[in-house]
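Reading through the structure tokens given below for one structure.
Here is how names work: the chains are called A, B, and so on, in the same order as the sequence lines, proteins then strands, and each is numbered from 1.
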Amino acid sequence: MLLRFPDGAEKTFTEGITPLDVAKSISSSLAKKVVGAYLDDDLYDLNRTIHRDGAIRLVTESDEKAFEILNHSSAHLLAQAVKTLYPNAQFGVGPAIEEGFYYDIALETSLREEDLAHIEKQMARHAKENHPMVRKEVSRKEALEIFKDDFYKTTLIEAIPDGDAITLYQQGDFLDLCRGGHVGFTSKIKHFKLLSLAGAYFRGDSDGPMMQRIYGTSWFSKEALDAHLALLEERKERDHRKLGKQLKIFMLNSEVGQGLATWLPNGYAVRKVLEDYVYEEERKAGYLHVSTPVLGSKHLYETSGHWDHYQANMFPPMERDGETFVLRPMSCPHHMKIFQSELRSYRDLPLRYAEIVTQHRYEASGALTGLERVRAMTLTDAHIFVRPDQIKAEVISAYELIDKAIADLGLEIAYLEFATRDDSKEKFHADETLWNEAEAVLEDVLVEAKIPYKKVPGEAAFYGPKIDFQVKTVLGHMITMSTIQLDFLLPERFDLTYINADGEKVRPVVIHRGYISTFERLMSILLEQTKGAFPVWLAPTQVILLPVSLDAHMDYTKTLYKSLMEAGYRVKIDEREEKLGYKIRDAQTQKIPYQLVIGDQEVADHSVTARQYGSSEQHTVSVEEFYDQLAQAVAKKSR
RNA sequence: GCCGGAAUAGCUCAGAUGGUAGAGCAACUGACUUGUAAUCAGUAGGUCACGGGUUCGACUCCUGUUUCCGGCACCA
């Protein structure tokens, strides 16, 4: 049997050797680090025997795939431990995930946080017992027979496509249906921790049964595990809910209403800068701003189709004088009516309407998360009405507008998502030709602009495909920051037309453009990505003045304050009778970018001693110089 | 919405087994008159989320509700 190594070397082995044997034949240190292998494109367990020639690539601990294999095996170890402690337990799926693993468990009794420690101990025992994780290929019939009393596994077996191999893994008494890719021996699993307990629907189906899910994480060394646990702690410190409270950005109060955020002065100061930014950037890009009411006729939303698709996520309708109103969840229909308010010529297009407006959505109570998901949100929403020949250019210019904002805000986009329809789902409107056209145009733009993206079938809006800009929150949630959506349907539904060069009435195409998410969501992202230390242009308070003595230095301090305020900056004076060290500490805690100390010296030579957030350095500069520095920091949108 | 957990002073948190609550910070008052990350002393602050029950007695046990947290589902 001939195996070829990545460096091109070839070596003969006796049939039935395992990746572990191959590693051992090379070196004992490699044997310690190996966790599996690829034979051509097939992932082999560490202890799976090899019976054919092929290209072999050993997967070692440093390999990205190794973490996945280890965590997948850890999920099995978890299930084995649960089965030992709770013999009646049945299991759903137990995959490796980005930072660890989970396993879904069906159990009569509810697991509690304190049970995790016991399960963890049992896992350690099974690991120590060093069970080989033995792979077996079986027929569908055999598999169904083996799991005949297990609703979950039989359902999973039935979902395996015909022709795919069905494999089982046995470790000790524990037998599981599994595609595989395992570390081969439970003793390989040494540094792990169970993290949390949650509910999860079987196969993600909210009409199906709910299982108990245990999350955990598994690493190759104690150091790596500890580092990961420390990272989880650090993330808690960056949670926008915590920072938002500390820095008095916003509050959520049950008496105000569930999911209804209140912006506090510090938060609104930031938001106002963002609103102005958005307005200016849109104005420069040729958008026309409009304003329409937060309440709309229900009929308007029936015409658009939103009522059909989303009424469950809208606040219930209100009736007055025979007319039915809804709290608007969207802007599209309103902008459609604006387009329709005049006879349009092909020469008028593109027409870009933008609006900063508050919308209301009845989000499921369990979905509400700080400012990340709320029920009343303010955003700038835009709809661009174009001729077919203008689609590409407008999609590109929308992309560029968004791209600039992301850079200006210093944000990190995780990836772009290209959401298309899935014909098996009913939510999408029917016209296939339009869909194909729309999807082709968007993909063209992505390909031509060489923008990397992830295609996600079935995630499109009901009226058309879209490009979503995804951000990863500190909690690990993927949320949509910006979006560009093509829409051939709403113009149809609203019977929008313009007169083309031949004097005929034809349909415009609509591009929906979500710019920088809602101000609520943007604030949550900004807080997390800046850790609450806003760049100068955004900071709620940009400069704080710290007089050394309230008696001796207050006049000069107040003069400075007045001139800074007049110049448009957000400034405060710390007028408390406290020591300078105390005031500095307080200003640092509030993450105020500039702290100006005003004492005898500064009064005498008309200067300020500036200290920046996060630094213990101080520079005494003339007032003029400080103004320059401040203006530059604002212009550069830097810290 | 579903599964699980939590709710104690403005904030962060203590408070076995039932005997109506405590710290630090913040606030307030006073002293200190201050030059780069917390000066000292004192005062005040609580329907222990809310309602019902068990009990001689409930922050503590049971139950309902509300909100929040971890997930799942949802996300125009």
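- Nucleotide B/rC72: paired with B/rG1 (Watson-Crick or G-U wobble, both distances less than 3.5 Å).
- In this structure, the nucleotide among B/rA38, B/rA76, B/rC2 sitting nearest to the side chain of A/Y463 is B/rA76.
- A/S549 has no side-chain polar atom (N or O) that falls below the 4.0 Å cut-off from OP1 or OP2 of B/rU33.
- Atom C1' of B/rC25 sits at a distance of 10 Å from the matching atom of B/rA38, rounded to the whole Å.
- For A/I584, the listed nucleotide lying nearest its side chain is B/rA37; candidates were B/rA37, B/rG71, B/rA76.
- Of the two residues contacting RNA chain B, namely A/Q212 and A/A198, the nearest-nucleotide position lying further toward the 5' end is that of A/Q212.
- Base pairing analysis places B/rU12 opposite B/rA23; the two distances defining the Watson-Crick or G-U wobble pair are each below 3.5 Å.
- For the OP1/OP2 pair of B/rG10 and a distance below 4.0 Å, the side-chain nitrogens and oxygens of A/K248 include no atom meeting the criterion.
- Of the candidate nucleotides B/rG5, B/rU36, B/rA76, B/rU36 has the atom lying nearest to any side-chain atom of A/T609.
- Residue A/Q258 places at least one side-chain N or O closer than 4.0 Å to OP1 or OP2 of B/rU67.
- Regarding contacts with the backbone of B/rG1, a side-chain N or O of A/S365 is found under 4.0 angstrom from either OP1 or OP2.
- Within the 4.0 Å cut-off from OP1 or OP2 of B/rC40, not a single side-chain nitrogen or oxygen of A/K579 is found.
- Heavy atoms of A/D600 sit under 4.0 angstrom from at least one base atom.
- Between B/rU66 and B/rC59, the distance separating the two P atoms is 23 Å to the nearest Å.
- Between A/F339 and A/F385, the ring-plane angle classifies as parallel under the 30° and 60° cut-offs.
- Checking B/rA76, B/rA38, B/rG71 against the side-chain heavy atoms of A/R585 singles out B/rA38 as nearest.
- Taking 4.0 Å as the cut-off between side-chain N and carboxylate O, A/R238 and A/E234 do not count as a salt-bridged pair.
- Under the 4.0 Å criterion applied to side-chain N and carboxylate O atoms, A/R513 and A/D381 are not assigned as salt-bridge partners.
- The pair A/R352-A/E394 meets the salt-bridge criterion, with a side-chain N (NZ, NE, NH1 or NH2) lying under 4.0 Å from an Asp/Glu carboxylate O.
- Atom CG in A/L195 sits about 14 Å away from atom P in B/rG70, given to the nearest Å.
- Of the candidate nucleotides B/rU33, B/rU39, B/rC75, B/rC75 has the atom nearest to the side chain of A/R361.
- Across all strands shown, B/rA37 forms no Watson-Crick or G-U wobble pair with both key distances under 3.5 Å.
- Across the protein-nucleic acid pair, A/L368 atom CG and B/rG70 atom C1' stand 15 Å apart, rounded to whole Å.
- A donor N or O paired with an acceptor N or O is found under 3.5 Å between the base of B/rC75 and the side-chain atoms of A/R373.
- At a threshold of 4.0 Å, the pair A/R521-A/E363 does not count as salt-bridged, since none of the basic side-chain nitrogens sits closer than that to a carboxylate oxygen.
- Listed pair A/R611 / B/rA37 meets the phosphate criterion, a side-chain N or O lying under 4.0 Å from OP1 or OP2.
- When heavy atoms are screened at a 4.0 angstrom cut-off, A/Y102 is found touching no nucleic acid atom at all.
- Partner assigned to B/rA58 is none, using Watson-Crick or G-U wobble distances below 3.5 angstrom.
- Taking 4.0 angstrom as the limit, A/R241 places a side-chain polar atom (N or O) nearer than this to OP1 or OP2 of B/rC69.
- The two residues A/L264 and A/K248 have their closest heavy-atom pair at CB-O, 3.4 Å.
- Both geometric conditions, a ring-centre gap below 5.5 Å and a plane tilt below 30°, are not fulfilled together for A/Y582 over the base of B/rA38.
- The aromatic ring centres of A/F462 and A/H306 sit less than 6.0 Å apart.
- A donor and an acceptor atom never sit less than 3.5 Å apart when one is taken from the side chain of A/R328 and the other from the base of B/rA76.
- Residue-to-nucleotide proximity on RNA chain B shows that, of A/V597 and A/T480, the 5′-proximal contact is made by A/V597.
- Looking at A/E602, its side chain comes within 3.5 Å of the base of B/rG35 through a donor and an acceptor atom.
- Applying the side chain to side chain donor-acceptor pair (under 3.5 Å) definition to pairs two or more places apart or across chains, those involving residues 479-492 of chain A are A/Y463-A/Q485, A/D468-A/T483, A/Q470-A/T480, A/T483-A/Q485, A/D487-A/H512.
- With P as the reference atom, B/rU54 and B/rU47 are 25 Å apart, rounded to whole Å.
- Straight-line distance from the CZ atom of A/R213 to the P atom of B/rG5: 18 Å, rounded to whole Å.
- The base of B/rU36 is paired with the side chain of A/Q618 by a donor and an acceptor separated by under 3.5 Å.
- Counting non-hydrogen atoms under 4.0 angstrom, A/K583 reaches nothing in the nucleic acid.
- One P atom belongs to B/rU12, the other to B/rU17, and the distance between them is 25 Å to the nearest Å.
- Counting only heavy atoms from C-beta on, A/A200 has its side chain closest to B/rC72 among B/rC72, B/rA76, B/rU36.
- Closest contact between the side chain of A/E578 and the listed nucleotides B/rC3, B/rU39, B/rA37 involves B/rU39.
- Base pairing analysis places B/rU67 opposite B/rA6; the two distances defining the Watson-Crick or G-U wobble pair are each below 3.5 Å.
- For A/Y201 and B/rG1, a side-chain-to-base donor-acceptor distance below 3.5 Å is present, hydrogens and geometry of angles not being considered.
- Candidate nucleotides B/rU12, B/rU33, B/rG1 were compared by shortest atom distance to the side chain of A/E577, and B/rU33 ranks first.
- A sub-4.0 Å separation between OP1 or OP2 of B/rG71 and a side-chain N or O of A/H477 is present.
- Taking the P atom of each, B/rA21 and B/rC50 are spaced 16 Å apart, rounded to whole Å.
- As judged by a 4.0 angstrom heavy-atom cut-off over every strand, A/N253 is placed among residues making no nucleic acid contact.
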